[in-house]
Amino acid sequence: MEQKDVIIRLEHISHSFGEKKVLEDINLYIKKGEFITFLGPSGCGKTTLLRLIAGFLSPDEGIITLEGKDISALPPYKRPLNTVFQRYALFPHLDVYDNVAFALKLQKLPVDEINARVQKVLKLVSMTDYEDRNVESLSGGQQQRIAIARAIVNQPKVLLLDEPLSALDLKMRKDMQIELKEMHKKLGITFIYVTHDQEEALTLSDTIVVLNDGRIQQIGTPTDIYNEPQNAFVADFIGDSNLLDGTMIRDGKVRFAGHDFDCVDSGFGENTPVDVVVRPEDIYIMNNTDAAQFTAVVKSCIFKGVHYEMYVDSDAGYELVIQDYNAFEVGSEVGLIIKPADIQVMHKERLCNTFEGEMTSATSVLFMDAEFDCLDCGLQKGDKVKVEVDFDKIDLLDDSHESDVEAHIRNLLYKGDHYHLEVKTAEGYTFFVNTNDVWDRNDLVGINILPEDIRLSKLENE
Amino acid sequence: MNKKAYWALPYSIFLVLFVVLPLLLIAVYALRDSSGAFTLSNIAAFFTDPKIVNPFLVSLEVALENTAICILVGYPVAYILADKSLNRSAVTALLFILPMWINALMRTIATAEIFAAMGIGLGKGTLLFGMAYDYLPFMIYPIYTVLSKMDRSYIEAAQDLGANPVQVFFKVTLPLSMPGVMSGVMMVFMPTVSTFAISEILTNNTIQLFGTIIQENFNNLMWNQGAALSFVMLIIIGLTTLIPGNKNEN
């Protein structure tokens, strides 16, 4: 499917820093003239991906093509791309004019032409009359403009922007967002933008690529990403959301928060466990409880400028967040309605923890580099086994000394009535835990698993 | 008076006793003859007496050459030491500084002995070698410090804008490391103008530097003449420090 309007294509890109894999099998194409954003939390690999495209890093595996030509091995100075750096990286020994003219002077263009082009881009970024200024005497916003002018003066095919607005204050950032969007329209070139700010990504982009843990989570337009997140991570990361465990009873019928709801999703099969997302503004709240699908008690109500944000406890014991233009009194009983189209149903990425292990005796098994007691189910020492443990059957301990496994909480998702935690051991194994206890990111924990909660099945030797 | 201001008192006394007063004494001696009467002849001698002017010009020439050698040898060394992909250990940087921990006189005498053992005659070549050997660390270290602190994003920005490795060096790395080169020059050039031990030992006194002339004056109890030479040199050195200072401000 070779499309004419594709400018950059990434195929099976992987990259590691030492032992740590930061990008894994990235496949992506970028269309000509598009404003595309790499979005994700810090450490997700978005900046690495940008640096691979710019040429400051070369991929361990995979190829990058620009207009059909492989540029993976090309040094940065031979790539027709330019970058706006996070902290601008304006040359402190050159004035504004010489900074902007840097690329043109390297090409030994005639002075008249350099002059004309520098004036043109300075006008575009509204920085005319600043030519002779020392770059260090400029404000953050002005330096930002010069950095953009310097990057576009050479008419690159693609402009790369590495969190360019992160150093600016909120008001300035909003203004610059609008200007960037206008600049993109005027220049008509491809913008590749990196940010951790989901609001910025939603505002600016034609296409958003959501990244986490070195993998692409979802690619889509801002509305796609917001309205139809493909997994729990995207739903949680983009905007506010109620993220709940649910069961797809049959096509068009899903059960969550203790009730059955009509929905528009189908094709999940019958009685399939799923993740359900409902945006806070999509839950209708009213004083009338008779006409409601279910009821709840208002726990807190905070004014947020345009709307009120309320936390409620549902009749089945789930905590939900709701946004509405009207305030509802704390402690009052309210009725809630969720429309079928506002329920987003997603496949669960996993149903239980699965490990590969080896029996160390009839009643003990080794996995995650630690030994656990298990029930005797006729397996012998040395047998290779598949180990399964349910999310809620792993106990987290405050004191890691009581356990053979030492691990850190990496990520947490609130699911209305419990937390779903991602935990990583010191040896690099990842597992998931459902718990009602409150933990924080980066907490150090030990684990305990009861022998009867470890399910074993023998792996056949090939 | 602020209570903390008293803490500065010992240092103020030290400054007056050991810096300001001696400088004034040099000026006073320089402007008097041996009987104590005011005169400008000591100063005038500096500019008219060929026995004084010539060694001074030779000193300037040797100092310029030594500084040039130190930059040409020291810059690449500092560049390699500061590049993390070429040098992964801080110990190598220390090794280049290590000779400074040995007494300069002993080092110079040892150098002369080595030349003697190799049958190399002492002269300008050996003088420059000895000087470069002595002063190289003072050039390497400031350049190394500036280069290792330099933000890599400047280099990346230059590459991004189309500069090949050679252009990156001459358009960005070198200009941005000039403050280091400048302090290296200050630490090498000025001491070499007034050095005397190295030239005595490494040229067998065949090349007389300005430091030697001053030393001879004092040895022969011509205090006023010696003070005048020191005084003029002090002013010349003072003027040269202003040159790089002005450059940086621009």
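Since the model is a prediction, treat every value here as computed from it, not as a measurement.
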Report the distance from atom NZ of A:Lys78 to atom CD of B:Gln159, rounding to the nearest 0.5 Å. 12.5 Å
Heavy-atom neighbours of B:Tyr141 OH exceed 12 at 6.0 Å: no
Answer yes or no: is there a side-chain heavy-atom contact under 4.5 Å between A:Tyr88 and B:Ser153? no
Give, as side chain, backbone, both or neither, the part of A:Arg150 having an atom under 4.5 angstrom from any heavy atom of chain B. both
Is there side-chain contact between A:Phe91 and B:Pro175, with heavy atoms separated by less than 4.5 Å? no
Rounded to the nearest 0.5 Å, what's the gap from CG on A:Leu94 to CG on B:Leu176? Could you check? 8.0 Å
Near B:Lys124 NZ, under 6.0 Å, is it more than 12 heavy atoms from other residues, nucleotides or ligands? yes
Does A:Phe17, at its CZ atom, have more than 12 non-hydrogen atoms belonging to other residues, nucleotides or ligands within less than 6.0 Å? yes
Measure distances from A:Leu90 to the heavy atoms of chain B and classify the residue's part below 4.5 Å as side chain, backbone, both or neither. backbone
From B:Glu156 atom CD to A:Phe56 atom CZ, the distance as rounded to the nearest 0.5 Å: 4.5 Å
Is A:Asn82 reaching over with its side chain to a backbone N or O of B:Asp160, donor-acceptor style, under 3.5 angstrom? yes
Got more than 12 heavy atoms from elsewhere within 6.0 Å of CZ, B:Arg107? yes
Any B:Val172 side-chain heavy atom under 4.5 Å of A:Phe102 side chain: yes
Smallest separation among heavy atoms of B:Pro165 and A:Tyr77, with atom names: CD-CE2, 3.6 Å
Short side-chain to backbone donor-acceptor contact, A:His93 and B:Met178, under 3.5 Å: no
